[in-house]
Amino acid sequence: MDGNEPITRNGQRIPNGMLQENYPRNMWWVAAHSREVTSKPLARWILETPVVLYRLEDGKPAALYDRCPHRWAPLSEGHVDGDKIVCPYHGMEFNSEGLCTKAPTQHMKPKRAEIPSFAVREAGAFIWIWMGEQDSIDCDPPEVDYQVDPNWSFLDGYYEVAANWVLIRENVMDLTHIAFLHKNTFKQNDWVTPPDHYMEGDTVCYEQDFDLAPLSPLFCAGMGLPEDKPIKRTQKGRMPSLAISFSDWVVHDPTPEPDARAEFVMRGCHIVIPSVRGKTHYFWGAAFDVPSITDDVAEKTKASIVVAFDEDKHLLEIMQKQISKDPRGLDFLEVTLGADGAGIFVRQILNKKLKAEGRPL
Ligand code: FES
Ligand SMILES: [Fe+2]
């Protein structure tokens, strides 16, 4: 075997397509954090497509295919002039619908100089994009009001992960790995039994109650709880779309100090976006239902979350690398455990969507 044999893909009972083009197009994906998109063009690969994002004069976001139809210069290297984006190479201008409005070296606008534009919507702290058929938009991006609600403190960060997006999606819908992969960071080592999993409409859910135990030190400071105090908690996960999921740590302190709060929520937010083949944009969020945690607590909490998420990044990248290199590819025994219930729903939804788009795995 020299490693060049064709990869077969029958080993997974429900394929996740991690070595293929395995992303639906007809859905909302996140394109960027709102603060990233300004009147200066932003280049980003989304669904293996170069995209340029920028803001119009009225502040609305716009997204175009990031390639000038003249000699293919990236428009993201150019600049925004009012509502137009100007190519850096020979100055052709395009409006937010991708129509050429000016070719400076000639009077006539070239007739076919049109590039694809994509629908974008700003919701919560992010800008969402629909990369598929533009006339098949049949829903709004998921509700994410808490991200900009002043009663919540929203910490967030970004990774580029050298792994297929579905590995991250499955990882964050199965948090039983916390007791093992993150035993020295999250230190929430009681999570060793499978949660209940169920569907609520199109939303994948999991839920599990835990008895009195100290809360992960990652979240104590944000809630103002001591690290050694036994508290009750419920872990609740929701995935309203393959693009985004939430993992709530619902905390109940049975013996609060006088006048202190007894209930808190920390809402993990996991946004994945397929980038180029084998790479994924991952925006994470950690929101506390506490109006304003101090900068110091926010900074320390963020730093300790990053140390824990680095453990995921490291493992998922090695998994991707090794599975890609192995000529057996996905054609290898894959065992499913009781704790994989929510992850199996993810694969079922993915397969259904790809089938509906005529691109089954
Ligand atoms: S490559 Fe854009 S104007 Fe020439
Ligand atoms: Fe993790």
Side-chain angles (χ1 to χ4, degrees), residues 41 43 50 52 54 64-81 84-95 98-116 155 157-159 161 163 165-192 195 206 208 216-219 235 237 239 245-249 266-272 280 282-286 301-302 304-320 339-340 342-343 346:
V52 55
Y54 59 99
L64 298 176
Y65 201 104
D66 190 14
R67 214 209 252 207
C68 177
H70 175 220
R71 285 297 177 262
W72 298 353
L75 293 170
S76 54
E77 289 295 314
H79 67 277
V80 173
D81 182 5
K84 315 274 167 54
I85 188 159
V86 184
C87 179
Y89 206 177
H90 314 94
M92 279 173 73
E93 293 183 6
F94 300 87
N95 66 17
L99 297 170
C100 175
T101 52
K102 189 172 167 185
T105 51
Q106 59 183 50
H107 289 302
M108 295 280 289
K109 278 179 285 183
K111 276 201 194 94
R112 291 176 57 245
E114 184 180 347
I115 44 174
L155 318 179
Y158 168 84
Y159 282 95
V161 182
W165 69 278
V166 85
L167 294 192
I168 308 176
R169 172 50 62 227
E170 292 183 352
N171 167 280
V172 295
M173 289 305 287
D174 154 36
L175 297 190
T176 58
H177 75 269
I178 281 182
F180 303 94
L181 186 59
H182 305 306
K183 61 180 177 296
N184 300 317
T185 48
F186 271 90
K187 296 183 180 164
Q188 198 70 78
N189 298 338
D190 55 354
W191 203 339
V192 289
Y206 67 77
Q208 189 166 11
S216 170
L218 265 57
F219 308 133
Q235 302 280 172
M239 188 194 80
S245 68
F246 310 104
S247 46
D248 285 8
W249 298 51
M266 195 298 294
R267 175 161 300 156
C269 170
H270 309 282
I271 291 171
V272 292
T280 302
Y282 172 40
F283 287 95
W284 63 265
T301 302
K302 197 169 163 175
S304 53
I305 290 173
V306 167
V307 174
F309 285 1
D310 284 349
E311 295 170 330
D312 293 295
K313 182 178 188 291
H314 174 76
L315 187 69
L316 297 182
E317 288 185 342
I318 287 183
M319 285 167 63
Q320 180 78 32
D340 298 323
V346 170

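Just so you know, ligand 1 is whichever comes first in the structure, and atom 1 is the first atom listed for that ligand.
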Any side-chain heavy atom of [X] within less than 4.5 Å of one from [Y]?
X: Val172; Y: Tyr282; answer: yes
X: Phe219; Y: Ile305; answer: yes
X: Tyr54; Y: His79; answer: no
X: Trp284; Y: Val306; answer: yes
X: Ser247; Y: His270; answer: yes
X: Pro195; Y: Gln235; answer: no

inquiry  = Closer than 2.8 Å to atom 4 (Fe) of ligand 1: does that hold for any N, O or S atom in Cys68?
reply    = no
message = Using 2.8 Å as the threshold, say whether any N, O or S atom from Cys87 sits that close to atom 4 (Fe) of ligand 1.
response = no
key: His70, N/O/S atom nearest atom 4 (Fe) of ligand 1   = ND1
message = From the N, O or S atoms in His90, identify the one nearest to atom 4 (Fe) of ligand 1.
response = ND1
remark   = Protein-derived N, O or S atoms lying less than 2.8 Å from the Fe ion (ligand 2), waters not counted, sum to 4
query = Is the count of non-hydrogen atoms from other residues, nucleotides or ligands lying under 6.0 Å from Tyr159 atom OH greater than 12?
reply = yes
remark   = ligand 1 atoms nearer than 4.0 angstrom to some heavy atom of Met92 are 3 (S)
task = Give a yes-or-no answer on whether the side chains of His177 and Asp312 include a donor-acceptor pair shorter than 3.5 Å.
result = yes
ask   = If you measure only the distance, is there a donor-acceptor pair under 3.5 Å linking the side chains of Asp66 and Ser76?
value = yes
key: Shortest protein contact, atom 1 (S) of ligand 1 (heavy atom only)   = Arg71 N, 3.2 Å
